[in-house]
Amino acid sequence: MKIFDQAKSLELLDRAKKVIPGSMFCPEGGVYGHYSVSALAPGNPIYFSKSEGSKFWDVDGNEYIDYVCAYGPMILGYNHPVVEEAAKEQYAKGNTVSLSAPVMVELAEELVDMVSIADWAFFAKNGADPTNLSVMVARAATGRKKVIVFEGFYHGAAPWMQASGSAGTIEEDQAHVIQVTWNDYAQVERAVEENDGDVACIISSPYHHPIVVDNEMPAEGFWQKIEALCKKKGIVLIVDDVRAGFRADLAGSHEYFGFKPDLVCFGKALGNGYPISALVGTDAFRETITNVFFTGTQFFNAAPMAAALATLREMKKINAPKIMLEIGRKIMDGLVALAKDYGYDLKISGLASMPYLRITNQDAPVLTEGPAAIHKGLHADWISECVQRGAFILDYHNNFISSAHTDEDAQRTWDIADDAFKAVKKKYGDQY
Ligand SMILES: Cc1ncc(COP(=O)(O)O)c(C=O)c1O
């Protein structure tokens, strides 16, 4: 099988290094933010030339089946005709105008109709907008300071959401953020008791999807106990559905796990790639949010709203979560069976529509050894071999399935994975 060449991507990266600083994952510069992590992996493509359906092509002309889906936003397939037409029509009428567009009302109505707890919706751009707003609403509603989060959480890049000691943050930023262990209800209860009367909210993704470790579903009854505790103590329960939103249940991932939060944050997939996010909530918070100052120059862009409305309607029409969960399960089952043939235990965790992959024969990389450690070892090498043959998969982060992924993609991915297993077997022999 052909191994891809990255000459043009690397040429562009050299130019980028002169004008774009890097990040801790790509210290030489040229790429920053979450895109820099995969850019650091040797052999990975860095710049795309075009995209369509479940695929993209890099600037060197190589074709990839995309299991990253832009880290979540792509959910119906790139260039989805219904979504693109809706955006195009709205662009022709106007995008950023001095008034709100009627489509904003339609979109709010659609979300309120679709998401089980939603009585209202506010729109913004990135996922950190609603997560930030939701905490402000919780603090305004309760008059309390403390925010409970789960270790390994990610709610965005605002200072309070970053790890204590992160460059550019001060200790006061995280002073009222309490970290507890996922699925450890006793610890949550203890944190609430120790801060009795001062916990404004618990904010969490619907299941645990941190990086570099296996993802974890909620333990039996975990969410139901948290919900009851929040009710008893007057704590606002916030679901950060920015990443998992619409890949489990269109009514919100909380429905999939059987509980009812007060506020739910959406982002990523809401507009199938168009920049839009949303906070939805119950009537109990309508008055509070009215008093919280929240705005942004681009929050009222009408074309992303039209794209989001089309995305929601299309997802409903085709029952997108069912498609993604089924094709995701099928592809992953095939990979697990192939791995077994080579003596490897490939563990899949998280939702089948957002699978985290890890070959367990060797221990997971240790992050304290530096960012480059992420891409070292048996598992990372196998992923790298897959990427260099045309299956774009992440080694350190959950992946994403879209409703555009097909049986044909599954077969091609299995063929690629098989060749990649051969390559790592050759490198490691019977070491693992
Ligand atoms: C669960 C979760 N919450 C919030 C965010 C922040 O979203 P954004 O990067 O769009 O601000 C992310 C982004 O990855 C996320 O995965």
Side-chain angles (χ1 to χ4, degrees), residues 23-25 31-38 67-75 122-138 147-163 166 168-169 174 177 179 182 201-213 215-218 223 237-249 252-254 256-257 261 263-280 294 296-299 301 304 307-308 311 349-351 353-356 394 396-401:
S23 73
M24 61 181 288
F25 293 106
V31 197
Y32 61 98
H34 54 301
Y35 279 29
S36 65
V37 191
S38 100
Y67 290 103
V68 182
C69 297
Y71 290 79
M74 188 277 268
I75 192 162
F122 257 20
F123 300 104
K125 290 282 119 188
N126 285 302
D129 298 326
T131 54
N132 223 351
L133 176 62
S134 66
V135 168
M136 287 178 77
V137 169
V147 176
I148 294 183
V149 298
F150 291 96
E151 281 155 13
F153 72 102
Y154 187 72
H155 299 307
W160 72 263
M161 303 164 182
Q162 298 206 12
S166 298
T169 70
Q174 299 102 16
V177 179
Q179 296 201 25
W182 173 254
C201 59
I202 297 177
I203 177 167
S204 172
S205 46
Y207 71 96
H208 203 42
H209 46 54
I211 59 165
V212 193
V213 294
N215 291 185
E216 269 184 82
M217 289 302 185
W223 271 125
L237 183 54
I238 305 165
V239 168
D240 174 355
D241 220 0
V242 167
R243 195 182 309 177
F246 313 115
R247 279 188 161 87
D249 192 317
S253 301
H254 56 274
Y256 187 84
F257 294 114
L263 303 169
V264 182
C265 313
F266 292 107
K268 291 194 183 277
L270 179 55
N272 198 44
Y274 282 85
I276 183 160
S277 58
L279 180 68
V280 303
F294 178 70
T297 302
Q298 306 293 347
F299 280 8
N301 299 160
T311 302
S349 54
L351 284 172
S353 51
M354 263 177 54
Y356 182 82
L394 294 172
Y396 75 102
H397 188 289
N398 70 267
N399 291 271
F400 297 88
I401 305 289

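Order of appearance sets the numbers: ligands from 1, and atoms from 1 within every ligand.
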Which residues pass the side chain to side chain donor-acceptor pair (under 3.5 Å) test with [X], not counting sequence neighbours?
X	value
Asn399	none
Trp160	Asn132
Ser204	none

Distances for all N or O pairs of ligand 1 and the protein under 3.5 Å?
residue	atom	partner	partner atom	Å
ligand 1	3 (N)	Tyr154	O	3.2
ligand 1	3 (N)	Asp240	OD1	3.2
ligand 1	3 (N)	Asp240	OD2	2.5
ligand 1	7 (O)	Gly127	N	3.4
ligand 1	10 (O)	Gly127	N	2.7
ligand 1	11 (O)	Gly127	N	3.2
ligand 1	11 (O)	Ala128	N	2.8
ligand 1	14 (O)	Lys268	NZ	3.2
ligand 1	16 (O)	Arg243	NE	2.8
ligand 1	16 (O)	Arg243	NH2	3.3

Taking the six-membered ring for Trp and the single ring otherwise, decide whether the centroids of Trp223 and Phe257 are under 6.0 Å apart.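 No.
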
May I ask you to check whether Phe246 and Phe266 place their ring centers less than 6.0 Å from one another?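 When the ring centroids of Phe246 and Phe266 are compared, they turn out to be within the sub-6.0 Å range.
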
Polar contact flag, side-chain donor to acceptor under 3.5 angstrom, Asp240-His155: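 Short answer, yes.
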
